[in-house]
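The structure appears below as structure tokens.
Letters go in sequence order (proteins before strands), and every chain restarts at 1.
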Amino acid sequence: MARYLITSAIPYINGIKHLGNLVGSQLPADLIARYMRGRGHEVLFLCATDEHGTPAELAAAKAGKPVEEFCAEMHAVQAEIAKGFRLSFDHFGRSSSLQNRNLTQHFAGQLADNGYITEVAEKQVYSNADGRFLPDRYIEGTCPNCGYDKARGDQCENCTKQLDPTDLIEPRSAISGSTDLEVRETKHLYLRQSALKGELSAWIDSKTDWPILTTSIAKKWLNDGDGLQDRGITRDLHWGVPVKKGTEDWPGMEGKVFYVWFDAPIEYIACAAEWADANGKTDADWERWWRTDKGADDVTYLQFMGKDNVPFHTLSFPATIMGSGEPWKLVDYIKSFNYLNYDGGQFSTSQGRGIFMDQALSILPSDYWRWWLLSHAPESSDSEFTWENFQGSVNKDLADVLGNLVSRVTKFCRAKFGETVPQGGPTGEALIAELTTRLRAYEQHMQAMEVRKAATELRAIWVAGNEYLQSAAPWTVIKTDEEAAKGMVRLALNLIRFYAVISRPFIPDAAQTMMDAMQCDDWTWPDDVATALDTLKPGHAFTVPEVLFTKIADEQRAEWQARFAGIRA
RNA sequence: GGGCCUGUAGCUCAAUGGUUAGAGCAGGGCGCUCAUAACGCCUUGGUUGGGGGUUCGAGUCCCUCCGGGCCUACCA
């Protein structure tokens, strides 16, 4: 038995995420977590909400609530939706937790002690009307290059020219519209990533099996221009982890907080501590997942994220760990994803375009979404959601191939032999051979985290069941050889339980329904297919389940297509 | 501007430089009647974005052009 630490990129607190966010991190992480558990491995699967930063402050203000209250509410909302999608986190934490505050301050202190922190005085735009410093992109004005009047302080969206906020003509606050802006000097802490460049490069170079998407982004940042740059890790905000050097005050840093991207990955660690605290466990219980000097040597650590998160996970966070000089576990494999597009354009949180997680669950059960999203995961390039494709996949794969198989087997048996597994002769050698080959391929794809290929193989395994029934034809055989027909049906009933076990990572609810119908609770992974298909013995009672998957009708599809075309209400 | 990814059948995708470029869906035909009008079998469909090059051999490697996308360090 191996041990797997699995983390999903932590979703930002601000609002409900769309299906593109889901398929890029939480969902594939859940797939692998469930699979590894199914294989009998010890798994700690962690996720959290990323709560600090300017957008959270602004959203809270807009909602007329204290930011702490806003975040607590949104965390509860996201936790509920995660449950709805059956995301099997061992703990769903919060980056604003006390554990993360302490740990973030601890790391900063370690980094400072080891000489990896420098203080930099810089000039930044301050808005008197808003009473806050403005990040570059929160300043708008006219582009000096093309004259576009909604250019942002970091870049003009119209002509794509990179800008400095002071370049803008007639700059104004994007928050209040105020033009009462001034440039102030402020001091910030920088993480000296440049001093760790060699170590980071060697580490990245050693990861030859990582997705190209992951390593190419890391190498770009390492080698582009002057190489890896130091990064500011503090901000002039109220909402965040107060800047401290361990437990000591940090002179000159009063009133400042750490940058969200400094404390967010540390939450992966703090979340394990939250998990321990929430479950009456000791420090040793979580440290054995994270400290290589306290038992984490045999842990394999897998991270899942969208491509926009890659620089922070390949460089900044590892730099934090390396620079601490402490034996924290570094990630072993980073699975990164491209983006999911929606009907010819992008999913957009700000424009409310596409399907959001709560909306998805309001129209169809989670398994429908899980299956489509995972079997179309944007692994090698951006992929595209269309309602036609979704309807086709769900109806064909889930309803026709798998759902109908369960129906035909259980109903045939009930009609001919009653609701118990019949006694019959041996059968199905060819099927067992095929399933064995395909199951091994499925396992390899899951181990390699090739999500699409795993889904394809799983579907082929379902199809094999229909092929078997069609060629065995118990409905014909029963007329001349009842014993043989009974053997076929017994095998087919066992096939349902077998499918429940191996399909559970993709479609946990349907798997549970299938298992319940077989009145069984044996989720043992089928290392030997022949043995697995002999689990339900003659005389074992079963029930005919409700239809596993209802098909999506054309009218429904058209209605949803229209409903989600425009702006989110 | 720079870097990276990507372009393969109507659609969604496969193919360590090595047989005749393969699957699923959609389309066509046949079979079956247990089943959610479901299932199975057979089948149509390709100048691998264009052009050039390297090689005994290129979807794959190189150059170039065209299209799509992402990143470019103070959003997260």
Side-chain angles (χ1 to χ4, degrees), chain A residues 9-14 50 52-56 58 122 124-125 133-139 152-155 160-162 164-165 174 188 193 211-213 215-217 219-221 223-225 228-232 235-236 259-261 264 306-312 315-316 338-339 341 346 349-350 372 375-376 378-386 388-389 392-393 395-401 403-416 452-453 455-456 459-460 463 465-476 478 485 488-489 492 546-551:
Chain A
I10 62 178
Y12 197 65
I13 189 70
N14 195 352
D50 176 18
H52 296 136
T54 306
L58 296 178
E122 53 191 27
Q124 190 166 1
V125 174
F133 282 94
L134 297 178
D136 290 356
R137 69 171 47 202
Y138 283 96
I139 304 161
R152 291 190 322 211
D154 55 343
Q155 185 172 35
T160 74
K161 185 177 173 61
Q162 286 176 58
D164 190 83
H188 282 297
Q193 299 185 137
I212 293 171
L213 185 64
T215 50
S216 67
I217 293 172
K219 286 177 180 173
K220 166 71 160 74
W221 281 58
N223 303 317
D224 192 42
L228 187 62
Q229 302 296 298
D230 296 340
R231 183 178 270 276
R235 292 290 183 274
D236 288 296
Y259 173 41
V260 285
W261 264 117
K307 56 186 166 183
D308 53 332
N309 277 240
V310 168
F312 302 99
L315 303 169
S316 306
N338 285 283
Y339 291 148
N341 290 321
Q346 293 186 347
T349 302
S350 56
W372 189 88
S375 61
H376 294 79
E379 289 177 301
S380 58
S381 66
D382 291 354
S383 65
E384 170 98 359
F385 177 93
T386 66
E388 289 83 357
N389 188 307
S393 292
N395 287 354
K396 196 69 195 175
D397 301 348
L398 296 182
D400 293 347
V401 174
N404 180 59
L405 176 73
V406 172
S407 287
R408 66 193 298 202
V409 169
T410 53
K411 288 181 180 173
F412 180 76
C413 185
R414 180 174 63 183
K416 303 297 181 185
R452 275 181 189 242
K453 287 180 182 171
T456 300
R459 186 190 189 281
V463 167
N466 281 312
E467 288 170 352
Y468 166 75
L469 271 189
Q470 200 64 34
S471 64
W475 49 87
T476 304
I478 192 172
M488 293 166 187
V489 170
E546 294 295 305
V547 165
L548 272 187
F549 299 98
T550 310
K551 290 198 195 194

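Nucleotides B:C34 and B:G49 are separated by 48 Å at their C1' atoms, to the nearest Å. On the C1' atoms, B:G67 is 42 Å away from B:G40, given to the nearest whole Å. Straight-line distance between the P atoms of B:G7 and B:U16: roughly 13 Å, to the nearest whole Å. Atom P of B:C61 sits at a distance of 12 Å from the matching atom of B:A15, rounded to the whole Å. Only the C1' atoms considered, B:G69 is 31 Å distant from B:G27, to the nearest whole Å.
In this structure, A:Leu405 reaches neither bases nor backbone, as no heavy-atom distance under 4.0 Å exists between it and the strands shown. The residue A:Gly53 sits close only to the backbone: its heavy atoms come under 4.0 Å of sugar-phosphate atoms, none of a base.
A donor and an acceptor atom never sit less than 3.5 Å apart when one is taken from the side chain of A:Trp221 and the other from the base of B:A73. At a cut-off of 3.5 angstrom, the base of B:C25 holds no donor-acceptor pair with the side chain of A:Glu388.
A stacked arrangement is assigned to A:Trp475 and the six-membered base ring of B:C34, with a centre-to-centre distance below 5.5 Å and an interplanar angle below 30°.
Nearest-nucleotide mapping onto RNA chain B: of A:Asp397 and A:Asp50, the residue sitting toward the 5' end is A:Asp397.
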Report task. Any chance you could list the contact pattern along nucleotides 39-45 of chain B? Use B for base contacts, S for sugar-phosphate-only contacts and - for none, protein heavy atoms under 4.0 Å, 5' to 3'. Result -> BSS----
Would you tabulate the pairs of protein nitrogen or oxygen atoms and nucleotide nitrogen or oxygen atoms of nucleotides 4-6 of chain B closer than 3.5 angstrom?
from: B:C4; atom 1: O2'; to: A:Ser216; atom 2: OG; distance (Å): 3.2

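Within the 4.5 Å cutoff, no side-chain heavy atoms of A:Pro311 are placed close to those of A:Arg231.
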Report summary line: Per-residue pairing states of RNA chain B in dot-bracket (Watson-Crick or G-U under 3.5 Å; . unpaired, | other strand) read (((((((..((((....[...)))).(((((.......))))).....(((((..]....))))))))))))....
